[in-house]
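Counting starts at 1 for both ligands and their atoms, following the listed order.
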Amino acid sequence: MTLPPTEPTDVTKVTCIGAGVIGGGWVAHFLARGYDVTAWDPAPDAPEKLRRLVDAAWPALTQLGLDEGASRDRLTIAGTLEEACAEAQFVQESAPEKLDLKRDLLAQLDAATPSGVVIASSTSGYPMTDMQTEAADPSRLLVGHPFNPPYLIPLVEVVGGERTAGEAVAWASRFYEVAGKSVITMDREVPGFIANRLQEALWREALHMVANGEATVKEIDDSITEGPGLRWAFMGPCLTFALAGGEGGMGHMLDHFGPSLKSPWTRLEAPELDGALRDAMVDGCDEAAEGRTIADLVAERDQGVIDVLRATGRLPKAEKGGAE
Ligand SMILES: NC(=O)C1=CN([C@@H]2O[C@H](COP(=O)(O)OP(=O)(O)OC[C@H]3O[C@@H](n4cnc5c(N)ncnc54)[C@H](O)[C@@H]3O)[C@@H](O)[C@H]2O)C=CC1
Ligand SMILES: C[N+](C)(C)CC(=O)CC(=O)[O-]
């Protein structure tokens, strides 16, 4: 592939293809970050719906802070896919999650977009290798998987396919960072990427519990929002579980609770918790802690929970007087 013609820091024009929940969310995000955005969606009512979505997102984006020059007036709705892509410096595809549709659409986008410009798909789980089959230049096609709503949730998972150029992946990762996203760049394709792999495991168990009458939807949701979800907003599942091992950290946690992986808590096949997996988890937690001790992490976790409670208006009221 030829190098992308525009440096990530010099991009001013972004094209969003597909303007539903996610495409519309991307449009709002890029407008708020001060880009010129061109959108295209084949649905007849798409322009009206898109403007409604952007208007609904704007107060939150204004509260968070708009970048210099950000304006809803910088949105252009194109009449055709070709018109939308003609001057694109980056393309984000957010069409329906259907493999054949994505294959054909990505080939069309490749044909309509200036040479070297990176084209990212918002797909929730298809590997790019399976989607880039019809494109004349598959080297610039990659996955940039967002989270709903893309204008508030920072994460984008970036990963190429077998025929994607490494420089396209590096360019896109840098571009998303410049555009205000938090990026995880994966060096191999994993169906579902990282976060959806995790979310789907949780989701599968939730469905098992509902299907078997073991818990209600509300109980399942409350169990997360009043429980582990508070920790996960700032400390991931590995480090929070390392703290379950007290001063012994992840090593003690695995020795103590590891055997319960085989208990009937889960309907999923558990991995074999052999020595190599144990070591990888312990080492991974040490690395993720970046020198912080267990006590440091406990203090950070506690402060984080308080901050999240405060931010979501759920701080316990001081009914008997005293501090809030
Ligand atoms: N909804 C979610 O929470 C998330 C969805 N995604 C991914 O984003 C993509 C879009 O999903 P949603 O926005 O949820 O779907 P959606 O159904 O809300 O929007 C899809 C849009 O694509 C348009 N469309 C239909 N055919 C098209 C074509 N040939 N070319 C361009 N646009 C076309 C539709 O008119 C519609 O406006 C999917 O790949 C999905 O997996 C990724 C992260 C989260
Ligand atoms: C429901 N979903 C699988 C499409 C969700 C995602 O892909 C990411 C998200 O927003 O949670």
Do any N or O atoms from the side chain of Asn196 and from the backbone of Ser124 form a donor-acceptor pair under 3.5 angstrom?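 Present.
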Where is the nearest protein heavy atom to [atom]: which residue, which atom, and how far?
| atom | value |
| --- | --- |
| atom 9 (C) of ligand 2 | Phe147 CD2, 3.4 Å |
| atom 3 (O) of ligand 1 | Asn148 CB, 3.6 Å |
| atom 9 (C) of ligand 1 | Ala95 O, 3.3 Å |
| atom 25 (C) of ligand 1 | Pro96 CD, 3.4 Å |
| atom 5 (C) of ligand 1 | Ile22 CG1, 3.2 Å |
| atom 28 (C) of ligand 1 | Pro42 CG, 3.9 Å |
| atom 5 (C) of ligand 2 | Asn196 OD1, 4.1 Å |
| atom 10 (O) of ligand 2 | Asn148 N, 2.9 Å |
| atom 11 (O) of ligand 2 | Gln199 NE2, 2.9 Å |

Ring-plane angle category for Phe147 and His145, please: parallel below 30°, perpendicular beyond 60°, tilted otherwise.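 Phe147 vs His145 ring planes: perpendicular.
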Mind telling me whether Phe30 and Phe90 have parallel, tilted or perpendicular rings, with 30° and 60° as the class edges?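 The rings of Phe90 and Phe30 stand perpendicular, inter-plane angle above 60°.
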For Ser124 and ligand 1, does the shortest N/O to N/O distance drop below 3.5 Å?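 Min N/O separation from ligand 1 is below 3.5 Å for Ser124.
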Looking only at distances, can you tell me whether any N or O atom of Phe147, backbone or side chain, sits closer than 3.5 Å to an N or O atom of ligand 1?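 Such a contact does not occur with ligand 1.
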His145 contact mode with ligand 1 (heavy-atom cut-off under 4.0 Å):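 Looking at His145 and ligand 1, just side chain atoms fall under 4.0 Å.
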How does Glu93 reach ligand 1, if at all, at less than 4.0 Å between non-hydrogen atoms: by side chain, backbone, both, or neither?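 It is neither part, as no heavy atom is under 4.0 Å.
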Considering residues, nucleotides and ligands other than Glu226, do more than 12 of their heavy atoms fall under 6.0 Å from its CD?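 Result for CD/Glu226: enclosed.
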Establish whether atom 1 (C) of ligand 2 and some protein heavy atom are separated by less than 4.0 angstrom.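 False for atom 1 (C) of ligand 2.
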Under 4.0 Å, counting heavy atoms only: does Pro146 come that close to any atom of ligand 1?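 So Pro146 counts as touching ligand 1.
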Looking only at N/O atoms, are Ser124 and ligand 2 under 3.5 Å apart anywhere?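 For ligand 2, there is an N or O atom that lies under 3.5 Å from one belonging to Ser124.
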Have a look at Asp41, Val156, Leu81 and point out the one with the heavy atom closest to atom 37 (O) of ligand 1.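 Result: the heavy atom closest to atom 37 (O) of ligand 1 is in Asp41.
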Contact check, Glu97 vs ligand 2, heavy-atom distance below 4.0 Å: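 Glu97 does not count as a contact of ligand 2 under the 4.0 Å cut-off.
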